[in-house]
Amino acid sequence: MAEFKTPVKPNKPANGNDNICIPPSPFLNRLGYGTGVSVMQLVRSPKAGQIRSPWALKMINKRVKPNRVYTERLQAEADLLRRMSHPNIVGFRAFSKTKILYLGMEACDLSLGDMIEKKVEDDCEPFAPKYILKVASDIGNALDYLHTKMQILHGDIKSYNILVNGDFVVCKLCDFGVTLPLDENGVLDKEKAGKSVYYGTEAWSAPEVIHGGTISSKSDVWPLGLVFWEMLALMPPHTQVDDTLDESGDSFNEDSMMDYFSDRYGTRPVVPGNICPVQYEQSLALFCSCTEQDPGSRPSARLVSDAATSALMSVP
């Protein structure tokens, strides 16, 4: 099968700088944010009568004091994106350190996390099986490229780092600010990683990350499984309250409630009771296989993608 690639635009000089006019932040639409950074939408002015596609600009948050760590991380992400070309990975557009530090990327419609929030506001119905399988197919494909071609661990898989265009026409992986190198066996390359550590987001982190163990490509597969759970439960993993706790009548302050949730990090969440096991059979099978406690029992990203792609053929 031919490999389709996302075109990567050179954006003028090879050093990645693009002399574009960026308006003040109040005139930019914020698409998202992370630790110390904001992602803004830049609607570019037409050029020679042609409409130009918008960009997503990752910029250091103005509330953050000048920090070499954030600058180096943004530079490293730009360097990595510039080297990658894949239909399910957000495309590189530009990088600049002059005047305003920014990383310019392909803009997509919405993050899956935002779509989940919107679904809660609108109807609270879980995503249809075909959409869960589409995410599994596309993001599994992106992770396979990362793990095998680039030998990189994404390190922060979650719904907010998955972008969706249209009605799940295509899903793309984004946010490569905390990646880690893998060796030829898909295991964390400690020599290349140096002092770099696994950051991730705890609620999505695999057991071996939470409790200490061998970090490998399978540490990206676990949180992908939790993304499928998010699309069923319409909430972040490990934020649901057990019925037994509701019935106990115990009062919890904020700290004890956080302890209650964090004690469940690195475990497989219970499937919501309103999910029909027959209707969601294939999605649940992927969720369960990706969230096996033993990393060796989890499928590779390639197997996840292939299984989901095959299942999509039989889903209306």
Side-chain angles (χ1 to χ4, degrees), residues 26 28-34 38-43 53-58 88 90 105-140 142 156-175 201-204 223-243 245-246 257 261 264 268-288 290-291 304 308-309 311-312 314-316:
L28 294 170
N29 178 36
R30 190 168 79 168
L31 299 174
Y33 60 90
S38 296
V39 180
M40 317 296 286
Q41 184 183 51
L42 173 67
V43 178
S53 61
W55 283 359
L57 299 180
K58 179 178 276 193
N88 301 117
V90 67
M105 300 168 289
E106 166 191 16
C108 297
D109 292 344
L110 281 174
S111 78
L112 180 59
D114 289 331
M115 295 178 74
I116 291 172
E117 291 183 12
K118 189 174 187 304
K119 203 163 201 8
V120 171
E121 295 172 1
D122 292 346
D123 57 21
C124 286
E125 289 292 325
F127 286 85
K130 64 180 180 180
Y131 296 135
I132 298 174
L133 294 173
K134 178 61 172 171
V135 170
S137 174
D138 285 2
I139 302 306
D156 197 16
I157 300 295
K158 55 187 176 184
S159 58
Y160 291 98
N161 287 339
I162 294 172
L163 304 177
V164 180
N165 276 338
D167 189 23
F168 287 86
V169 174
V170 64
C171 305
K172 297 183 181 246
L173 191 57
C174 69
D175 199 344
T201 304
E202 281 190 314
W204 282 266
L224 180 58
L226 293 189
V227 169
F228 308 151
W229 185 90
E230 287 184 85
M231 297 180 74
L232 295 170
L234 303 183
M235 64 176 72
H238 309 300
T239 56
Q240 75 277 27
V241 177
D242 294 342
D243 292 339
L245 182 63
D246 285 337
M257 186 61 80
F261 292 136
R264 285 155 176 75
R268 178 191 290 161
V270 176
V271 176
N274 64 325
I275 299 301
C276 173
V278 175
Q279 181 185 5
Y280 285 90
E281 180 181 5
Q282 295 152 323
S283 301
L284 291 173
L286 282 174
F287 160 65
C288 290
C290 289
T291 53
V304 171
T309 301
L312 274 170
S314 61
V315 175

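Basis for what follows: all heavy atoms, side chains included, without hydrogens, waters or symmetry-related copies.
Residues Ile139 and Leu224 meet the side-chain proximity criterion, which asks for heavy atoms closer than 4.5 Å. Looking at Leu112 and Phe168, their side chains come closer than 4.5 Å, going by heavy atoms from C-beta outward. No side-chain heavy atom of Met231 sits under 4.5 Å from any side-chain heavy atom of Pro126. With contacts defined as side-chain heavy-atom distances shorter than 4.5 Å, the pair Leu234/Val120 qualifies.
Considering all non-hydrogen atoms of both residues, Leu133 and Ala308 come closest at O-CB, 3.4 Å. In plain terms, the two heavy atoms of Ala136 and Phe228 that are nearest each other are CB-CZ, 3.4 Å. The nearest pair of heavy atoms linking Met235 to Ile116 is N-CG2, 4.2 Å. Closest approach of Cys171 and Asn88 over heavy atoms only: O-ND2, 3.0 Å. Minimum heavy-atom separation, Pro236 to Thr239: O-OG1, 2.6 Å. For Lys130 against Leu312, the heavy-atom pair with the smallest separation is O-CD2, 3.4 Å.
Not one N or O on the side chain of Arg264 forms a donor-acceptor pair closer than 3.5 Å with the backbone of Pro269. Distance alone, capped at 3.5 Å, places no donor-acceptor pair between the Thr201 side chain and the Trp204 backbone. At least one donor-acceptor pair under 3.5 Å links the side chain of Asn161 to the backbone N or O of Asp156. Side chain of Asp109 to main chain of Asn165: no donor-acceptor pair is present (N/O by atom type, distance under 3.5 Å, no hydrogens or angles).
Between the CD atom of Glu230 and the NZ atom of Lys158 there is a distance of 9.5 Å, given to the nearest 0.5 Å. Atoms NE2 and CG, from His238 and Leu226 in turn, are 5.5 Å apart once rounded to the nearest 0.5 Å. In this structure, CG in Leu284 is found 12.5 Å from CH2 in Trp229, a value given to the nearest 0.5 Å. Rounding to the nearest 0.5 Å places OG of Ser111 at 7.5 Å from CD of Glu117. Ile162 CD1 to Asp175 CG: the interatomic distance, rounded to the nearest 0.5 Å, is 11.5 Å. Here the CG atom belonging to Leu232 is positioned 8.5 Å from the CG atom belonging to Asn274, to the nearest 0.5 angstrom.
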message: Under the criterion salt bridge (Lys or Arg N to Asp or Glu O under 4.0 Å), I'd like the reasoning laid out for Lys118 against Asp114: C-alpha separation, chi angles, the key distance, then a yes or no.
response: CA-CA 6 Å; Lys118 189 174 187 304; Asp114 289 331; over 6 Å; no

- request: Evaluate the criterion side chain to side chain contact (heavy atoms under 4.5 Å, CB included) for residue pair Cys288 and Arg268; output intermediate values, then yes/no.
  value: CA-CA 8 Å; Cys288 290; Arg268 178 191 290 161; 4.2 Å; yes

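A cation-pi contact links Lys119 to Phe127, judged by a cut-off of 6.0 Å to the six-membered ring centre and 45° from its axis.
A donor-acceptor contact under 3.5 angstrom links the side chains of Tyr131 and Asp167, judged on distance only.
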